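From a predicted model like this one, the values you see are computed outputs, not experimental measurements.
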Amino acid sequence: MNLKKSLSRLIILAMLFTGCSNYQVQNKSISLPDEATKQKTMTKVQNDVNEIIGKDYDYVLSNLGEPNSTAYWIDKSNIDNLENLDDIEDITDINLIYLKNVLNEGVNSSALYLKLKDKVVKKAQIVDYSRGNRIKTLDKSKILIDCYNDGDIVKTADLDMKKLDDFTGIDSSEMEKIVGKKQPSYDAYLYDKAEKSINVYYLDDEDKLLSIFTKDNKISEIKILDNKKEVINEIKNIMLDN
């Protein structure tokens, strides 16, 4: 995706929904940094990733701003404690991704990856970042939920509702046949007895969302959800149903 375009979408989406990246709104003591501060901090960390090891979540937000994506690790046994996507804000075992040089049209896929435990940075590294790639040696006791700042709005008019079920069974790599090149606002992964995932897109229809489920790299189900609460419900009902 054009990353310069993605940055502008961040501002639009922030006005459309709250949840995975609204921590600074909840905690009024945190002020987000200006561009100069973000670039200065990123340069320091690029030169020595140890600069940010041991820093807490508040420090990261205050000096690097909002991440491009946040990944939350949830124990399967604890998923019933969540009623809404907003509840994952309380999870302290998270990963943050900051894409580098987001204003450069010729940007590569390099990113700063931060792993936090108890909201403190335990690991930092510069990595090659591709949104669609996932490490498939994940802890099978956990569900990974990703929240993105550059998710696209899918127009309901572009979907042929009567034919959505026709896509069931096709390879997940052909998801563009349904949503084009749109990027989801959320996705979730589970690697257990079967490899399962869900991609969630906001629709231009109140709070409704389009959810596309996959199982073993095949589209298994497509649903229109009424709100974010239903995302968690579907993870419980479908992803944990082996």
Side-chain angles (χ1 to χ4, degrees), residues 1 3 6-7 10 19-24 26-27 29-33 35 37-79 81-82 85 87-102 104 107-151 183-192 195 197 235:
M1 172 181 281
L3 296 179
S6 299
L7 191 64
L10 187 157
C20 292
S21 59
N22 70 348
Y23 183 84
Q24 80 287 351
Q26 296 174 6
N27 190 337
S29 66
I30 298 178
S31 58
L32 295 180
E35 197 61 35
T37 299
K38 288 192 287 186
Q39 293 299 327
K40 180 180 179 181
T41 305
M42 179 65 80
T43 298
K44 286 173 59 179
V45 176
Q46 284 179 223
N47 291 334
D48 182 4
V49 293
N50 290 319
E51 287 279 351
I52 204 157
I53 299 295
K55 303 297 186 183
D56 63 20
Y57 188 32
D58 292 4
Y59 175 91
V60 174
L61 287 182
S62 297
N63 287 274
L64 284 171
E66 289 184 287
N68 296 88
S69 68
T70 304
Y72 296 86
W73 300 86
I74 304 168
D75 286 319
K76 288 193 299 182
S77 59
N78 293 333
I79 192 70
N81 295 332
L82 302 180
L85 274 173
D87 293 339
I88 64 177
E89 288 286 341
D90 296 328
I91 295 171
T92 60
D93 186 4
I94 61 177
N95 296 340
L96 306 179
I97 294 289
Y98 288 89
L99 299 182
K100 292 168 53 183
N101 304 318
V102 293
N104 183 351
V107 69
N108 58 25
S109 58
S110 181
L112 171 64
Y113 165 90
L114 303 177
K115 181 176 179 63
L116 288 75
K117 189 172 181 61
D118 297 327
K119 290 289 178 76
V120 174
V121 179
K122 300 297 184 180
K123 181 178 181 181
Q125 61 185 131
I126 304 299
V127 299
D128 289 333
Y129 177 72
S130 177
R131 185 173 192 157
N133 292 337
R134 288 290 177 272
I135 299 172
K136 298 189 178 182
T137 56
L138 297 178
D139 185 337
K140 293 183 178 181
S141 69
K142 293 183 181 291
I143 294 173
L144 172 63
I145 297 180
D146 294 316
C147 304
Y148 301 99
N149 275 335
D150 65 347
Q183 300 283 8
S185 291
Y186 311 102
D187 57 37
Y189 295 83
L190 171 66
Y191 300 102
D192 199 345
E195 178 185 323
S197 69
I235 289 175

Tell me, with the steps shown, if Glu195 and Tyr189 meet side-chain contact (heavy atoms from CB on, under 4.5 Å). CA-CA 8 Å; Glu195 178 185 323; Tyr189 295 83; 5.9 Å; no
If the condition is side chain to side chain donor-acceptor pair (under 3.5 Å), which residues does Gln125 pass it with, not counting sequence neighbours? Lys123
Heavy atoms only: give me the nearest Pro33-Ser62 pair and the separation to one decimal. CB-O, 3.1 Å
Test of understanding: with side chain to side chain contact (heavy atoms under 4.5 Å, CB included), list the residues that count as partners of Lys117, not counting sequence neighbours. Lys122
Quick check against the 3.5 Å criterion: does Asp56 have a side-chain atom that pairs as donor or acceptor with the backbone of Val120? no
Less than 4.5 Å apart, any side-chain heavy atom of Lys38 and any of Met42? no
Return the OH to OG distance between Tyr113 and Ser69, rounded to the nearest 0.5 Å. 10.5 Å
Before you tell me yes or no, could you show the steps for Val45 and Tyr98 under side-chain contact (heavy atoms from CB on, under 4.5 Å), namely the whole-Å CA-CA distance, both residues' side-chain angles and the distance that decides it to 0.1 Å? CA-CA 11 Å; Val45 176; Tyr98 288 89; over 6 Å; no
Hey, could you give me the CD1/CD1 distance between Ile91 and Ile94, rounded to the nearest 0.5 Å? 9.5 Å
Under 3.5 Å: donor-acceptor pair, side chain of Asn95, backbone of Leu116: no
Nearest heavy atoms of Leu32 and Gly65, plus distance in Å: CD2-CA, 4.3 Å
When you compare the side chain of Val121 with that of Lys115, does any pair of heavy atoms fall below 4.5 Å? no
Is there a side-chain contact (heavy atoms from CB on, under 4.5 Å) between Ile79 and Ile74 once you walk through the steps? CA-CA 7 Å; Ile79 192 70; Ile74 304 168; 4.1 Å; yes
Asp187 and Tyr148: side-chain donor and acceptor closer than 3.5 Å? yes
Any residue meeting side chain to side chain donor-acceptor pair (under 3.5 Å) with Asp118, in chain and number order, not counting sequence neighbours: Thr92
Determine the sole option in Ile53, Val60, Val49 for which the side chain to side chain contact (heavy atoms under 4.5 Å, CB included) test with Leu114 is passed. Val60
Begin from the C-alpha positions of Leu82 and Ile88 and carry the test side-chain contact (heavy atoms from CB on, under 4.5 Å) through to its verdict. CA-CA 7 Å; Leu82 302 180; Ile88 64 177; 3.8 Å; yes
Taking atom CG of Asn68 and atom CG of Leu99, what is their separation to the nearest 0.5 Å? 4.0 Å
For Asn63, which residues count as a side chain to side chain contact (heavy atoms under 4.5 Å, CB included) partner, sequence neighbours excluded? Thr37, Thr41, Tyr59
Looking only at heavy atoms, the pair that brings Ile126 and Gln46 closest together is CD1-CG, 4.2 Å
Measuring from Ser185:OG to Asp146:CG, what's the distance to the nearest 0.5 Å? 12.0 Å
With sequence neighbours excluded, residues passing side chain to side chain donor-acceptor pair (under 3.5 Å) with Asn50: Asp48
Does some side-chain heavy atom of Leu64 sit less than 4.5 Å from a side-chain heavy atom of Ile52? yes
Taking the side chain as every heavy atom from C-beta outward, state whether Leu61 and Pro67 have any atom pair closer than 4.5 Å. yes
Any heavy-atom pair between the side chains of Ile235 and Ile143 that's under 4.5 Å? yes
Should Lys142 and Asp75 count as an ion pair when the cut-off is N to O under 4.0 Å? yes
